[in-house]
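Whatever order the structure lists them in is the order used to number ligands and atoms, beginning at 1.
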Amino acid sequence: MPPHAPAYAVLVSGRGSNLGALLAAHEQIGAMPRIVVSSRADAPALDIAREAGVRVAVIDGPAGASREARDALLSALLRDADVEWVILAGWMRILSDGFVRAWYPRLINIHPSLLPSFPGLHPHRQALARGVFFSGCTVHRVEPGDVDGGEILAQAVVPVMPDDTEAALAARILAAEHRLYPETVARLLRTENPSAS
Ligand code: GRF
């Protein structure tokens with residue numbers, strides 16, 4: 001590893017296709033993730049990480065614990081892994097303000113709409129219901145109190161077809177995500193690498 005290789009974690013909850021795209025781009029990014037953390041023990045994303053030889057962990061409890069307690073465990077795990085950046089890739093748990101403040105401005109997310117349009121759940125459904133002609137995906141910093149808010153870092157646009165279903169639009173946007181996320185993460189980690197300063 002080069003002396004100032006970016007130290008990052010990827011947080012997942014499900015399928016892991018964006019994780020796969022990030023792993024495939026590890027040379028462009030400058031390093032593999034130090035750790036992949038899942039909020040679910042059965043997330044297929046964990047197998048993708050294991051197959052790539054990346055350390056994995058699951059933070060889904062302790063049962064009945066508060067969001068703050070769980071996020072304190074998560075932060076401790078990430079600090080222990082010497083992580084400087086936290087890359088959300090399909091992470092489905094709302095993060096506490098304490099966690100977001102602790103990792104800001106190096107906490108990054110991708111959302112499958114052109115923010116600030118259609119934040120939150122079911123963005124593809126929202127886009128189709130509104131009748132937009134274009135949608136896409138947005139890479140942004142995560143800021144306290146605003147799940148899909150925060151500084152917009154990059155966007156990619158895709159057309160919405162007249163006969164689109166939610167699944168068809170989601171697949172078109174996902175292909176754009178797989179290009180946009182690795183290139184944006186690579187650019188950020190190169191230009192804002194705290195251990196290089
Ligand atoms: C992606 O559409 C991403 O934009 C959203 O969650 C989905 C995760 O998919 N935040 P995957 O697990 O990366 O395949």
Check your understanding: Considering only heavy atoms of Arg15, which atoms of ligand 1 have at least one such atom less than 4.0 Å away?
Key -> 9 (O), 11 (P), 12 (O), 14 (O)
Point to revise | Per-atom contacts of ligand 1 with Ile110, taking only distances under 4.0 Å to non-hydrogen atoms | key: 3 (C), 4 (O), 5 (C), 10 (N)
Practice item. Answer yes or no: is there a donor N or O on one side and an acceptor on the other, between the side chain of His26 and the main chain of Leu23, under 3.5 Å? Key: yes
Revision key, fill the gap. If you compare Gly90, Ala176, Pro112 by their heavy atoms, the one closest to atom 8 (C) of ligand 1 turns out to be Gly90
Check your understanding: When you check the side-chain N and O atoms of His124 and Ser135, is any donor under 3.5 Å from an acceptor?
Key -> no
Exercise for review: Compare all side-chain heavy atoms of Trp103 with those of Val142 and state whether any distance is below 4.5 angstrom.
Suggested key: no
Point to revise | Contact check: Ser17 vs ligand 1, nitrogen or oxygen atoms, below 3.5 angstrom | key: yes
Point to revise | Under-4.0 Å salt bridge between Arg141 and Glu192 | key: yes
Exercise for review: Tell me, with the steps shown, if Arg70 and Arg93 meet side chain to side chain contact (heavy atoms under 4.5 Å, CB included).
Suggested key: CA-CA 11 Å; Arg70 185 205 65 211; Arg93 293 251 180 94; 3.1 Å; yes
Review point. Which option, Gly16, Ala21, Ala43, owns the non-hydrogen atom nearest atom 12 (O) of ligand 1?
Key: Gly16
Study note, to complete from the structure: For atom 13 (O) of ligand 1, the closest protein heavy atom turns out to be Asn18 N, 2.8 Å
Review point. Is NZ or CZ of Arg190 both nearer than 6.0 Å to the six-membered ring centre of Trp85 and within 45° of the ring axis?
Key: no
Revision key, fill the gap. Atom 3 (C) of ligand 1: closest protein heavy atom, distance to 0.1 Å, is Glu177 OE1, 3.1 Å
